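What follows is one structure encoded as structure tokens, with my remarks underneath.
Naming convention: chains lettered A, B, ... in sequence-line order (proteins, then strands); numbering from 1 in each chain. All figures in this text were calculated on a predicted structure; none of them were measured in a lab.
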2 protein chains.
Amino acid sequence: MVTIHDVAKAAGVSISTVSYALSGKRSISATTRTRIDRAIADLDYRPHAAARMLAGARTNILALSAPLRQDGHLPTHMRFVSAVVAASRAHDYDVLLLATDDEVSGIRRVGSSSLVDGVVMMGVATGDERLPIVRDLALPAAFIGVPGDVDDIACVDLDFAAAAREAVDRIADLGHRVVGMIGHPPSYLERQTGFIERFDQALEREAAAKGVRIVRRWAGLERGAGRSAVDELLAEAPQLTAVLFHCNEPVVEEAERRLLELGVDVPGQVSLFAAAASYDPSRLEIPLSGITLPLEDMCRRAVEAVFAAVDGRPAPDVTLLEPRFEDRGSLIPAP
Amino acid sequence: MVTIHDVAKAAGVSISTVSYALSGKRSISATTRTRIDRAIADLDYRPHAAARMLAGARTNILALSAPLRQDGHLPTHMRFVSAVVAASRAHDYDVLLLATDDEVSGIRRVGSSSLVDGVVMMGVATGDERLPIVRDLALPAAFIGVPGDVDDIACVDLDFAAAAREAVDRIADLGHRVVGMIGHPPSYLERQTGFIERFDQALEREAAAKGVRIVRRWAGLERGAGRSAVDELLAEAPQLTAVLFHCNEPVVEEAERRLLELGVDVPGQVSLFAAAASYDPSRLEIPLSGITLPLEDMCRRAVEAVFAAVDGRPAPDVTLLEPRFEDRGSLIPAP
DNA sequence: CGGCATCGTCGAAGCGCTTCGATAGCTTCG
DNA sequence: CGAAGCTATCGAAGCGCTTCGACGATGCCG
């Protein structure tokens with residue numbers, strides 16, 4: 001193994017000079033720098049990660065706590081994980097993945113042993129049990145989601161209330177007065193993910209303000225849930241002219257299929273709107289207009305909030321990202 | 001931060017004694033051990049990971065190189081990742097996730113800086129470019145998949161040839177003589193993943209031996225691919241009595257749906273068989289009899305092969321897991 | 001009952017790096 | 001022209017742990 005000593009010897013300087021040349025924390029003459037660079041290249045020197053962690057202040061590793069629930073949507077989950085890795089790598093950080101029953105205890109383990117500089121947490125719920133842990137460890141952390149009232153730890157999320165308002169406004173402004181809505185399965189609500197409540201409350205208020213009647217259904221994860229949600233909506237409110245989705249991709253796919261099967265003209269008779277889609281709504285059988293979850297942006301900001309905390313810079317408490325509407329033709333004026 | 005010195009002082013022993021008590025590498029008297037345990041508990045001591053890595057031989061971290069192709073199936077990918085994490089944690093190892101354009105270069109980075117003890121590689125292709133890297137670094141490694149002729153690095157995979165033979169045998173033995181097959185998209189083949197070739201060759205040979213005619217189609221990833229594959233199969237061989245799937249879940253779902261739509265009686269008229277399913281074939285609209293990819297087992301063995309290499313124990317070169325048939329009622333005797 | 005393992009413990013070296021303080025050699029300016 | 005201030009470099013301390021060799025205290029055997 002080639003160490004900093006070998007480089008120093010080859011370049012004819014002391015190891016501290018090599019170290020400073022590497023970190024740039026003190027000025028180095030051009031000639032010395034050249035000799036050191038050559039030595040490093042010749043020997044193919046790579047600093048020993050553990051030595052660096054021990055002597056330096058940081059590990060250049062971030063933990064990602066990624067709990068995967070029974071009812072979780074795997075593709076979405078994977079997208080979040082990938083996005084966090086990408087965002088971390090952009091800052092030369094590596095990601096340690098905490099999963100499979102270790103998302104909570106693992107934080108304590110890797111945090112208290114100084115294996116990581118901070119932690120990003122997915123799958124956040126109101127009253128998240130990881131909150132006291134990161135507080136206790138004083139570990140730089142960020143939540144993707146909002147675990148209730150938090151003012152000491154960064155949270156990043158879509159502004160679900162604004163998303164609901166935007167959805168209602170756009171739908172109402174096009175003249176729709178009776179709107180069906182298919183929401184996340186009840187199990188999500190029981191888990192107190194928070195975002196559903198925030199969405200629903202704003203939805204209700206805005207609908208009242210705009211004079212829109214909303215008929216709701218929740219689709220579970222079992223096969224056929226999306227299909228029967230559509231059937232039930234149409235039975236209860238045959239006069240509806242729009243359907244708003246706030247649920248996972250499989251449900252949307254089924255619902256679309258059912259509408260086509262029933263010969264409903266989309267968007268001629270019924271407009272469709274995807275709210276906070278965690279999937280790509282442009283790749284559906286009927287591409288959906290609506291608001292896409294800004295997943296990459298959320299992850300990037302969460303990662304950057306952790307870095308801010310690591311560096312002692314002030315990190316924003318709660319960042320709610322503005323919903324961005326994208327038109328894909330599925331939402332048109334009411335017939 | 002509480003260090004081993006603090007524990008030693010609190011217990012009234014030297015730090016080496018504490019270290020030996022922790023590692024169990026030398027005997028410690030019962031009384032001393034008790035005092036040390038108490039001190040550790042009182043102070044809530046956690047060994048500093050970096051110090052441990054530096055002084056000791058290993059890092060207790062494994063890298064997971066998880067390339068996600070454009071045409072990759074996210075849920076399957078996530079399952080592999082989870083399974084590797086679970087297997088690693090069972091041995092008290094953490095997993096560093098290399099992804100998003102860093103699956104290859106990242107191996108060199110974390111390997112040469114001694115950040116990890118070894119690496120598990122997913123998404124293996126024939127002539128995999130990661131092979132020379134792990135050889136060059138002499139990094140303990142294991143492939144999930146078989147990158148061609150390899151005798152120095154562990155590979156774990158399903159025995160796809162045996163799976164093909166088993167599929168043909170079971171189907172043929174039930175009297176089916178004309179069998180449709182829907183395979184992976186051509187892009188998979190171009191990438192030389194290897195397993196498709198192994199499957200296809202064995203399939204062809206066994207079909208010839210058993211006197212079964214196989215009509216093949218490949219379904220791409222675009223919407224409707226599974227549907228049209230079914231239509232084409234039925235057009236080319238209307239007399240077929242079984243369909244063999246060797247493809248991703250979305251294709252199977254579409255194909256099943258199309259069969260139902262066409263009023264085909266499954267399995268009365270047409271039996272269905274899932275070969276090497278990377279998804280759960282029991283949760284499909286029509287649960288499929290067949291062979292499930294032993295994903296957890298593959299990951300566990302790969303991880304264990306890396307540990308064997310780390311420990312200097314002999315690791316098996318190529319482990320091909322025996323296919324296991326499971327009956328879910330979709331395969332019955334030919335009408 | 002003296003010599004010799006064995007057991008339990010200790011001190012110190014060292015893993016490879018970062019960083020602090022010191023210093024030699026220059027330049028600059030009153 | 002000498003004090004002051006830079007710039008570039010070095011030596012050494014130290015990060016928290018593991019592990020080697022040493023050593024006193026026991027126990028055991030002939």
For [Y], is there any backbone N or O sitting under 3.5 Å from a side-chain donor or acceptor partner on [X]?
{"X": "B/Asp159", "Y": "B/Glu322", "result": "no"}
{"X": "A/Ser88", "Y": "A/Val84", "result": "yes"}
{"X": "A/Glu103", "Y": "A/Asp101", "result": "yes"}
{"X": "A/His48", "Y": "A/Ala50", "result": "yes"}

inquiry  = Can you pull out the residues from residues 1-9 of chain B that lie within a 4.0 Å heavy-atom distance of DNA chain C?
reply    =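 Under 4.0 Å from DNA chain C: no residue of residues 1-9 of chain B.
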message = At a heavy-atom distance below 4.0 Å, what parts of residues 18-40 of chain B sit against DNA chain C?
response =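 By residue number: B/Tyr20, B/Arg26, B/Ser27, B/Ile28, B/Ser29, B/Thr32.
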key: side-chain hydrogen bond (donor to acceptor under 3.5 Å, both in side chains) evaluation trace for B/Ser65 with B/Arg130   = CA-CA 9 Å; B/Ser65 169; B/Arg130 294 168 293 185; 2.8 Å; yes
Expressed as a whole number of angstroms, how long is the span from [X]:[atom1] to [N]:[atom2]?
{"X": "B/Leu54", "N": "D/dG14", "atom1": "CG", "atom2": "C1'", "answer": "12 Å"}
{"X": "B/Arg58", "N": "D/dT19", "atom1": "CZ", "atom2": "P", "answer": "10 Å"}
{"X": "A/Met53", "N": "D/dG16", "atom1": "CE", "atom2": "C1'", "answer": "14 Å"}
{"X": "A/Arg52", "N": "C/dC15", "atom1": "CZ", "atom2": "C1'", "answer": "16 Å"}
{"X": "A/Tyr45", "N": "C/dG16", "atom1": "OH", "atom2": "P", "answer": "10 Å"}

Please name the pair of heavy atoms, one in [X] and one in [Y], separated by the smallest distance, quoted to 0.1 Å.
{"X": "B/Ala21", "Y": "B/Arg33", "value": "O-NH2, 3.1 Å"}
{"X": "A/Tyr45", "Y": "A/Ile4", "value": "CE1-N, 3.5 Å"}
{"X": "A/Val2", "Y": "A/Asp44", "value": "CG1-O, 4.1 Å"}

Within residues 105-115 of chain B, residues whose heavy atoms come under 4.0 Å of DNA chain D = none
key: Listed partners of A/Lys9 passing side chain to side chain contact (heavy atoms under 4.5 Å, CB included), at least two apart   = none
query = Which residue pairs pass the ring pair (Phe, Tyr, Trp, His ring centres under 6.0 Å) test with at least one member in residues 96-123 of chain A, sequence neighbours excluded?
reply = none
request  = Apply the test side-chain contact (heavy atoms from CB on, under 4.5 Å) to residues B/Tyr93 and B/Val310: give CA-CA distance (whole Å), side-chain angles for both, the deciding distance (0.1 Å), then the verdict.
outcome  = CA-CA 12 Å; B/Tyr93 262 70; B/Val310 169; 4.2 Å; yes
Derivation of the side-chain hydrogen bond (donor to acceptor under 3.5 Å, both in side chains) call for A/Asp102 and A/Ser105 = CA-CA 5 Å; A/Asp102 191 44; A/Ser105 55; 3.0 Å; yes
inquiry  = Go through it in stages, so that I can follow the logic: the residues are A/Thr17 and A/Ser14, the test is side-chain hydrogen bond (donor to acceptor under 3.5 Å, both in side chains), and I'd like the CA-CA distance, side-chain angles, deciding distance and then a yes or no.
reply    = CA-CA 5 Å; A/Thr17 303; A/Ser14 74; 3.1 Å; yes
inquiry  = OP1 or OP2 of C/dC10 versus the side-chain N and O atoms of B/Ser16: is any pair under 4.0 Å?
reply    =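 For C/dC10, OP1/OP2 do not have a side-chain N/O of B/Ser16 under 4.0 Å.
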All N/O contacts under 3.5 Å from nucleotides 24-27 of chain C to the protein, with atom names and distances to one decimal?
none

